[in-house]
Amino acid sequence: QVQLVESGGGLVQAGESRRLSCAASGSGFRINTRGWYRQAPGKQRDLVARISSGGSTNYADSVKGRFTISRDNAKNTVYLQMNTLKPEDTAVYYCNFWPSRNAYWGQGTQVTVSS
């Protein structure tokens, strides 16, 4: 019943910023922990950040201090603010529950960081 749709990706230069959005269609957004994941070419899909219904956050070491996850419960939307982007941040970014649920993986949004 819940659909998650990512948006906001694109081509950026190293050192610049980008904000991703994940819109949820159902009310489950307000009672579940949500996560941002990414998969770089040839690499495993990994969790980069998560946020609980109460606003508690966790970050992967590779993005801590640069990325900020937030949520707007009124809009059923989770955001990922990405600052000081590096070429190694290049990946397809996905949102999902945390822990992830296979039924809710979508197409993701591509973020490409050029040097």
Side-chain angles (χ1 to χ4, degrees):
Q1 293 184 346
V2 176
Q3 182 180 4
L4 306 176
V5 180
E6 306 93 340
S7 63
L11 176 64
V12 297
Q13 301 294 317
E16 295 183 345
S17 299
R18 196 79 173 185
R19 190 189 194 194
L20 307 183
S21 298
C22 175
S25 63
S27 61
F29 176 91
R30 297 189 177 96
I31 60 173
N32 287 284
T33 297
R34 304 290 182 170
W36 281 100
Y37 304 76
R38 69 184 182 187
Q39 187 167 23
K43 295 188 177 180
Q44 180 181 345
R45 184 177 298 179
D46 293 323
L47 178 73
V48 298
R50 68 177 192 247
I51 184 167
S52 73
S53 60
S56 178
T57 60
N58 286 275
Y59 299 92
D61 289 342
S62 59
V63 307
K64 190 174 180 63
R66 298 189 298 119
F67 290 12
T68 302
I69 188 171
S70 61
R71 67 195 297 162
D72 184 336
N73 289 340
K75 295 183 177 181
N76 287 342
T77 300
V78 178
Y79 304 96
L80 185 67
Q81 178 66 45
M82 306 182 294
N83 297 329
T84 319
L85 283 162
K86 304 175 180 180
E88 50 263 47
D89 295 318
T90 295
V92 178
Y93 284 72
Y94 303 87
C95 62
N96 206 310
F97 296 97
W98 185 89
S100 63
R101 299 174 65 180
N102 189 62
Y104 296 102
W105 293 119
Q107 294 296 314
T109 186
Q110 175 73 47
V111 175
T112 302
V113 185
S114 65
S115 60

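The structure presented is a predicted model; accordingly, all values stated were derived computationally and were not measured.
- Looking at Thr109, Asp46, Asp89 one by one, the single match for side chain to side chain donor-acceptor pair (under 3.5 Å) with Arg38 turns out to be Asp89.
- Contact between Ala14 and Ser115 at its shortest, heavy atoms only, is CB-CA, 4.3 Å.
- Grouping the Ile, Leu, Val, Met, Phe, Trp and Tyr side chains by contacts below 4.5 angstrom, directly or via other members, places Leu47 apart from Met82.
- Across Gly9 and Val111, no two heavy atoms sit closer than the pair CA-CG2, 4.0 Å.
- Note that CZ of Arg50 is 9.0 Å distant from OG of Ser52, once rounded to the nearest 0.5 Å.
- Between the side chain of Tyr59 and the backbone N or O of Ile69 there is at least one donor-acceptor pair closer than 3.5 Å.
- At a threshold of 4.5 Å between non-hydrogen side-chain atoms, the residues Leu85 and Glu16 do not count as touching.
- Annotation for Ser17 and Asn83: closest pair OG-OD1, 2.9 Å, computed over non-hydrogen atoms.
- Considering CG of Leu4 and OG of Ser25, their distance stands at 7.0 Å, rounded to 0.5 Å.
- The OG atom of Ser100 sits 7.5 Å away from the CG atom of Asn102 when rounded to the nearest 0.5 Å.
- Gln81 contributes no side-chain N or O that, together with a main-chain N or O of Phe67, makes up a donor-acceptor pair within less than 3.5 Å.
- For the pair Thr90 (side chain) and Val113 (backbone), a donor-acceptor distance under 3.5 Å is present.
- The shortest side-chain heavy-atom distance between Gln107 and Glu6 does not fall under the 4.5 Å cut-off.
- Using a 4.5 Å heavy-atom threshold, the side chains of Thr33 and Phe97 count as separate.
- Among all heavy-atom pairs drawn from Thr77 and Lys75, the shortest one is OG1-O, 2.9 Å.
- Aromatic rings from Trp98 and Tyr37 are positioned such that their centres are separated by 6.0 Å or more.
- Of all heavy-atom pairs between Trp36 and Cys22, the closest is CZ2-CB, 3.5 Å.
- Contact between Ala49 and Leu80 at its shortest, heavy atoms only, is CB-CD1, 4.2 Å.
- No cation-pi contact links Arg101 to Tyr104, judged by a cut-off of 6.0 Å to the six-membered ring centre and 45° from its axis.
- The shortest distance between side-chain heavy atoms of Tyr93 and Gln39 does not fall below 4.5 Å.
- In this structure, Val5 is not a member of the same hydrophobic cluster as Trp105, with clusters built from ILVMFWY side-chain heavy atoms closer than 4.5 Å.
- Note that the OG atom of Ser70 and the CD1 atom of Ile51 stand 6.0 Å from one another [nearest 0.5 Å].
- Panel note: side chain Arg18, backbone Gly8; a donor-acceptor pair is recorded below 3.5 Å.
- Within the cation-pi definition used here (under 6.0 Å to the ring centroid, within 45° of the axis), Arg71 does not qualify as a partner of Tyr79.
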